[in-house]
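Every value quoted in this text rests on a predicted model; they were computed, and no experiment measured them. Within every chain, numbering begins at 1; the chains are lettered A, B, ... in the order of the sequence lines, protein sequences first and strands thereafter.
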Number of protein chains: 2
Amino acid sequence: MDILAEKKKAIFESTLELIKENGFHGTPMSMVAKKACVACGTIYHYFDSKDTLIAELYAYVKKQMADAMFEGDDEQKEFKDRFYHLILSHCRFYIKHPNTLYFIEQYINSPYNNREPVKDNEQFQHRMWDFLKQGIDTGVLKPMNIHLLGILIHSHVVTTAKLYFSQRVKINEEDFPNIVQVIWDGVKNHSD
Amino acid sequence: MDILAEKKKAIFESTLELIKENGFHGTPMSMVAKKACVACGTIYHYFDSKDTLIAELYAYVKKQMADAMFEGDDEQKEFKDRFYHLILSHCRFYIKHPNTLYFIEQYINSPYNNREPVKDNEQFQHRMWDFLKQGIDTGVLKPMNIHLLGILIHSHVVTTAKLYFSQRVKINEEDFPNIVQVIWDGVKNHSD
DNA sequence: AATTACCGAATGAACATTCAATCGGGGCGC
DNA sequence: GCGCCCCGATTGAATGTTCATTCGGTAATT
């Protein structure tokens, strides 16, 4: 179970990195095999097909993200502080895991996305929705569709992380709070 | 020159639609040829390779977008009105051209993006930057890096357009102004 | 006539997937 | 403890398919 898991993990990590570099097309199974130091056939011992591998990889990184996400969230604190903390953690996760960032973005914008809906562990989504709902109910956030709100915020985070790695616009971690302020001012209820 | 342009255009449009449906990998040249009602060889009369076709297609749709973008912008109006008008036009362009929306998103998040930097007609970018700069200089917008501002706004627009076509969150054109308000509140300078 | 547009079968390379063959470790009889 | 067997894990060369691209030729346009 240990060695088994190790090999599967090696395949995941290799695929992740190669896809970031070369995209789905640009990464033949043979390349994944070489990078993961296994034989081609071994991959097929663990996964039915390349599509399956990619779909499972998506679930794998999604779970990692969910696990990392709410760490350090303190329900006792004020809403705004929690908001900043959550968004910044999320940004930092992507900064720390660029392979994941680019893989997810590619995946979401590819036809893989709608092929077989991976049964998402939607832990992350639900905790986020609860948090946002609380913000709306207490009048701190604009009254809006929660899903919409969540997606707008997430897209803001992703854009920020991508920018961090881009050549054209140079930002660093010290700029993050200012960028988070943009989305905060956007979603907060200005009537108070 | 006329018929020539027609055939080239047919190839562009077919590629655009097929890539939206099936992605880069999922669209063989033979399929493009069939859909465009030309022979395989004809495509190679107009384009050096599949990569070239895709790169030129990107420039082609980018130009269409730029052309459609600033239509109806009135420099006499108040900044906020112009902002809403521009953002809404941009949203509506994507709504009207979903193929373009999904193609661009796939392209940007693929390794094609960094392969050969298409010499962008950056007309759109520059007009946008000028507009944003004016907003900052007059104190209406938060003082921020203009490129950063532009990208954050654009990502908001793209997210909105994608949401429009998504199953999960149902929004329609009447919701747009509220969504634009989020980004407006986000970027406006609240100190006045 | 000459140049250009167009055709589509043929080519060959790249790649996902298969499978027959080997490895290795743990259970079992002695 | 020792040898043997079994079975899942692993291997990587071989297979068959799917394309991108080519090219010899035909039609249209000048």
Side-chain angles (χ1 to χ4, degrees), chain A residues 1-60 103 106-107 110-113 115-116 118, chain B residues 1-60 103 106-107 110-113 115-116 118:
Chain A
M1 189 59 181
D2 275 321
I3 297 162
L4 181 146
E6 262 170 42
K7 223 149 248 208
K8 200 168 174 177
K9 193 179 169 195
I11 294 170
F12 272 152
E13 296 299 336
S14 305
T15 309
L16 197 58
E17 183 163 345
L18 288 170
I19 284 182
K20 184 214 158 173
E21 296 298 333
N22 315 311
F24 295 125
H25 16 321
T27 49
M29 293 297 256
S30 54
M31 207 185 277
V32 173
K34 197 196 286 183
K35 181 150 200 136
C37 298
V38 300
C40 264
T42 306
I43 301 181
Y44 287 87
H45 180 70
Y46 293 105
F47 306 96
D48 284 346
S49 67
K50 192 179 183 182
D51 282 14
T52 310
L53 165 59
I54 288 172
E56 288 194 25
L57 176 55
Y58 180 68
Y60 171 78
F103 169 74
Q106 272 191 64
Y107 184 89
S110 81
Y112 278 105
N113 194 15
R115 276 237 260 288
E116 9 179 351
V118 183
Chain B
M1 190 60 180
D2 275 321
I3 297 165
L4 181 146
E6 264 169 40
K7 222 148 251 207
K8 199 167 175 177
K9 194 179 169 193
I11 294 170
F12 272 153
E13 298 297 337
S14 305
T15 308
L16 196 58
E17 184 164 344
L18 287 169
I19 284 182
K20 183 212 157 175
E21 298 297 334
N22 315 311
F24 295 126
H25 15 322
T27 50
M29 293 299 253
S30 54
M31 208 186 276
V32 172
K34 197 197 282 185
K35 180 149 200 139
C37 297
V38 301
C40 260
T42 305
I43 300 181
Y44 287 86
H45 180 68
Y46 291 106
F47 306 95
D48 284 345
S49 67
K50 191 179 182 183
D51 282 13
T52 310
L53 165 59
I54 288 173
E56 287 194 27
L57 176 55
Y58 181 67
Y60 170 78
F103 169 74
Q106 272 192 64
Y107 183 89
S110 82
Y112 278 105
N113 195 14
R115 275 236 259 290
E116 8 179 353
V118 183

* Asked: Would B:Leu16 and B:Phe12 count as a side-chain contact (heavy atoms from CB on, under 4.5 Å) if you check the C-alpha gap in whole Å, the side-chain angles of each, and the deciding distance to 0.1 Å?
  -> CA-CA 6 Å; B:Leu16 196 58; B:Phe12 272 153; over 6 Å; no

* Whole angstrom value for the distance that separates C1' of D:dA20 from NE2 of A:His25 -> 14 Å

* Shortest non-hydrogen contact between B:Phe103 and B:Ile54, atoms and distance -> CZ-O, 3.8 Å

* Can you list the residues that meet the side chain to side chain donor-acceptor pair (under 3.5 Å) rule with B:Glu13, with sequence neighbours excluded? -> B:Tyr60

* Asked: How close or far is atom C1' of C:dT17 from atom CG of A:Leu53, stated in whole angstroms?
  -> 13 Å

* Structure fact -> In short, the helix from C:dA1-D:dT30 to C:dC30-D:dG1 is bent end to end, axes from five pairs each side, to 10°, by 0°

* Measure from CG on B:Leu18 to P on D:dC19 and round the result to the nearest Å. => 12 Å

* Rounded distance in Å - CD (A:Glu6) to P (D:dA9) -> 15 Å

* Asked: The side chain of B:His45 lies closest to which of these nucleotides: D:dT22, C:dA5, D:dT10?
  -> C:dA5

* **Which nucleotide in D:dT21, D:dG12, D:dT11 has an atom nearest any side-chain atom of A:Cys40** => D:dG12

* Distance below 4.0 Å between A:Tyr46 side-chain N/O and D:dT10 OP1 or OP2 -> yes

* **Test ring-ring contact (aromatic ring centres under 6.0 Å, His included) applied to B:Phe24 - qualifying residues, sequence neighbours left out** => B:Tyr112

* To do: Could you tell me the separation between the CD1 atom of A:Ile11 and the C1' atom of D:dT11, rounded to a whole number of Å?
  => 13 Å

* Is a side-chain donor or acceptor of A:Glu56 paired with a backbone partner of A:Phe47 at a separation under 3.5 angstrom? -> no

* Nearest-Å distance for atom pair CD1/P, residues B:Ile43 and C:dA5 -> 16 Å

* To do: Write down the atom of A:Lys50, the atom of A:Thr27, and the distance for their closest heavy-atom approach.
  => NZ-O, 3.0 Å

* **Shortest non-hydrogen separation from B:Gly23 to B:Gln106 and the atoms involved** => CA-OE1, 3.3 Å

Got a list of side-chain donor-acceptor pairs under 3.5 Å for residues 28-36 of chain B, not counting sequence neighbours?
residue : atom : partner : partner atom : Å
B:Lys35 : NZ   : B:Glu17 : OE2          : 3.4

* Asked: Which nucleotide in the list C:dC7, D:dT10, C:dT17 gets nearest to the side chain of A:Thr42?
  -> D:dT10

* **Residue mapping more 5' on DNA chain C - nearest nucleotide basis, B:Ala39 or A:Lys50** => B:Ala39

* Contact under 4.0 Å: A:Lys7 side-chain N or O vs D:dT10 OP1/OP2 -> yes

* Residue pairs fulfilling salt bridge (charged side-chain N to carboxylate O under 4.0 Å, His left out) with at least one residue in residues 38-49 of chain B, sequence neighbours excluded -> none

* So which of residues 26-34 of chain A are in contact with DNA chain D, with a heavy-atom cut-off of under 4.0 Å? -> none

* Integer-rounded Å distance: D:dA20 P and B:Phe24 CZ -> 13 Å

* Asked: B:Tyr44 OH to C:dA5 P: how many Å, rounded?
  -> 18 Å

